Trainee: 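Let me give you the structure first, and then I'll get to my questions.
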Amino acid sequence: MTVELEETSLCTVIEDALKTASKSEALSEPVTMNSRMGSPREWDSLSFVAVFIAVSQAFDVDLDDDDAIHFQAVSPMYQFLDEILNE
Amino acid sequence: MTQLHSELSDVFCHNANVVAVARPRNQDVTYQALGGMIANVQSLIATRAPKAVGILGTRSLEAYVAVMACFFSGVRFVPLNPELPNERLDKIIRYGQVDLLLHDGKRNDIDSFASGFSSDIAEVAAGEDTSDKPVLSKKLQASDIAYQMFTSGSTGEPKGVPITYGSLSHYVSGIRATTGHDTGGRFSQLFDLSFDLSMHDIFVALASGGTLVPASNIDLMMPHSYIQKKCIDYWFSVPLVASVALRGLGDNPVKHKLKKAMFCGEQLPTEYATGFRAFVEPDGPIYNLYGPTEATIAFTAKHFKDADPDLAVVPLGEPFGENVIGIRTHEGEVVEADEGAEGELLLGGPQVFSGYYPDNSVECFVGEDPRYYCSGDLVRVKNGELHHIGRIDSQIKLRGYRIELGDIEAAFRKAFGCAAAAAVVLGTGESREIVLAYEHTKNIDDFSLLDAHLPAYMRPAQFMRFEKIPTNINGKVDRKTIGKMQWAL
């Protein structure tokens, strides 16, 4: 099911992807609009692709691998998704 | 002059118009252009006549130019990771007696650890070409030091591992003879320069007349895409990158396949090797390599064919070339690696270093003929192959990085002035994390002081204070009990 892009829904999708990738029930800190790779610490180079895929599926956007550059922090990710979903 | 010097000289002579380094956002660099840049940096080295050259760089054209310039100038080089805290860089520069620092990209803080003896590689390399190929500028012995890697040390001090031209040359010819002499093609370059596996990337690719394809930071996180978009033919990485690639690939087909894949740096889980087969041509081999920095990049190789359902990890295989092995049993006896033998793996032959420098006091050798390096790895010989069982000390490999837990503990004690600290590894596979127990009268809330002492990959994920650190009956830190505490991982 496609999720509507909002700040909270994006944070939730990322948080769920990180929990699954790190096989943990709780993250070291919650995902907020200020979060970026390394904070929470479960968001590392190994879980990066899990976040990329989860966001792509949740918001039903056809992402190109080159778009990955925008996926290292929540705020630029939100701006990028907002732009392409409203094109 | 070693065989490797000779082979590389031939490559530069006969492949002038072949691409040596691929650069997606810039013009690719041919062997002729690369040779010109190397010759220019060689001129600077000849003028400065340094004892050792520090190369502060990442996966970049400039770093490769500096490495090859030192190699052909016969000057020892010390690879330096730009992400290390300045305090640690300063220490390595002093221990390595670096008196010329070459760096890629602009560094605003360079004066804090290399004041007055640094040069930007790009600026030096861009000078008017003195030659279009590197030239061996002095007579070299195989026993001369080619490079010196600094690894994590149990005392908290970095340990210098000098590797000779002879060892490096044996490695490159040995690994190529064992896994196949490839000619041309595009070679992955995923390892940081300060990780000795990057020397495999650089020297094997160039000795093959191939093209080095440096991975960007995004490529490291999207390896499935890196393989296909950058048309990689020959792959070399730590096993964890294989799992990231598989996660990224999902159910999609692979449009460009590798001719060969090799893994090194930590245990290769069978499921990673089996899964990664999707990225490799049907008849393309997959190899598992093993070896510590002290024995020059890798020492044994295993051609992975079919997964053995009884094995969770791929065996280490056998030593290649003139490398020899022995086993030190649990009773302390040095024996040949015969079927059923079990104990510490001992490494001998032309790839083994001659001792740490400058700290040469560490006891790490046994025997005389052959003289064995004690690897610290526990192995068992089964069906004629080495199987890794574990480590005998507190050294671990985490995400490809070699880490002495004692190094973390020493840094913590120094930063916070506490009496005792114990680092422990929790979890398995990808979710392994380092946690640290410390003894202190009050809680420490801000651990950012550690940033000045430890690189990011060594920082514990969590901390726990104890009034008194748990000890066992012998008074030693009880790591098992610490590991069983309620850590939020």
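In the text below, chain A, chain B and the rest are named by the order of the sequence lines, each starting its count at 1. This is a predicted model, so every value here is computed, not measured. No hydrogens, no waters, no symmetry mates; every other heavy atom, side chains included, goes into these values.
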Trainee: What are the residues of residues 72-82 of chain A, in order of number, with any heavy atom under 4.5 angstrom from a heavy atom of chain B?
Mentor: A:Q72
Trainee: State, without any angle test, whether B:S448 and B:D446 hold a side-chain donor-acceptor pair at a distance under 3.5 Å.
Mentor: yes
Trainee: State whether a side-chain donor-acceptor pair under 3.5 Å links A:E4 with A:S9.
Mentor: no
Trainee: Chain B: which of A:L27, A:I53, A:D65 shares the most heavy-atom pairs with it under 4.5 Å?
Mentor: A:D65
Trainee: Does B:K257 have any side chain to side chain donor-acceptor pair (under 3.5 Å) partners at least two apart in sequence or in another chain, and if so, which?
Mentor: none
Trainee: Run A:S28 and A:E42 through side-chain hydrogen bond (donor to acceptor under 3.5 Å, both in side chains) and show every step you take.
Mentor: CA-CA 7 Å; A:S28 56; A:E42 290 84 358; 3.0 Å; yes
Trainee: In chain order, what residues pass the ring-ring contact (aromatic ring centres under 6.0 Å, His included) check against B:Y234, with sequence neighbours excluded?
Mentor: B:F187
Trainee: If you measure only the distance, is there a donor-acceptor pair under 3.5 Å linking the side chains of B:D104 and B:T58?
Mentor: yes
Trainee: Going by residue number, which parts of residues 216-224 of chain B are within reach of chain A, meaning a heavy-atom gap below 4.5 Å?
Mentor: B:I218, B:M221, B:M222, B:H224
Trainee: Classify the angle between the aromatic ring planes of B:Y457 and B:Y401 as parallel (below 30°), tilted (30 to 60°) or perpendicular (above 60°).
Mentor: parallel
Trainee: Pick one of side chain, backbone, both or neither for A:S22, based on which atoms fall under 4.5 Å of a heavy atom in chain B.
Mentor: backbone
Trainee: Tell me, for A:I69 versus chain B, whether the close heavy atoms (under 4.5 Å) come from the side chain, the backbone, both or neither.
Mentor: both
Trainee: Using non-hydrogen atoms and a 4.5 Å limit, figure out which bit of A:F52 sits close to chain B: side chain, backbone, both or neither.
Mentor: side chain
Trainee: Any chance you could measure B:R23, atom CZ, to B:L61, atom CG, to the nearest 0.5 Å?
Mentor: 5.0 Å
Trainee: Given side chains that start at C-beta, do those of B:R459 and B:F412 come closer than 4.5 Å, heavy atoms only?
Mentor: no
Trainee: For salt bridge (Lys or Arg N to Asp or Glu O under 4.0 Å), just list the numbers for B:K259 and B:D233, CA-CA rounded to whole Å, side-chain angles, deciding distance to a tenth of an Å, and then say yes or no.
Mentor: CA-CA 5 Å; B:K259 291 186 168 71; B:D233 297 312; 3.4 Å; yes
Trainee: Does CG in A:D62 sit with more than 12 non-hydrogen atoms of other residues, nucleotides or ligands closer than 6.0 Å?
Mentor: no
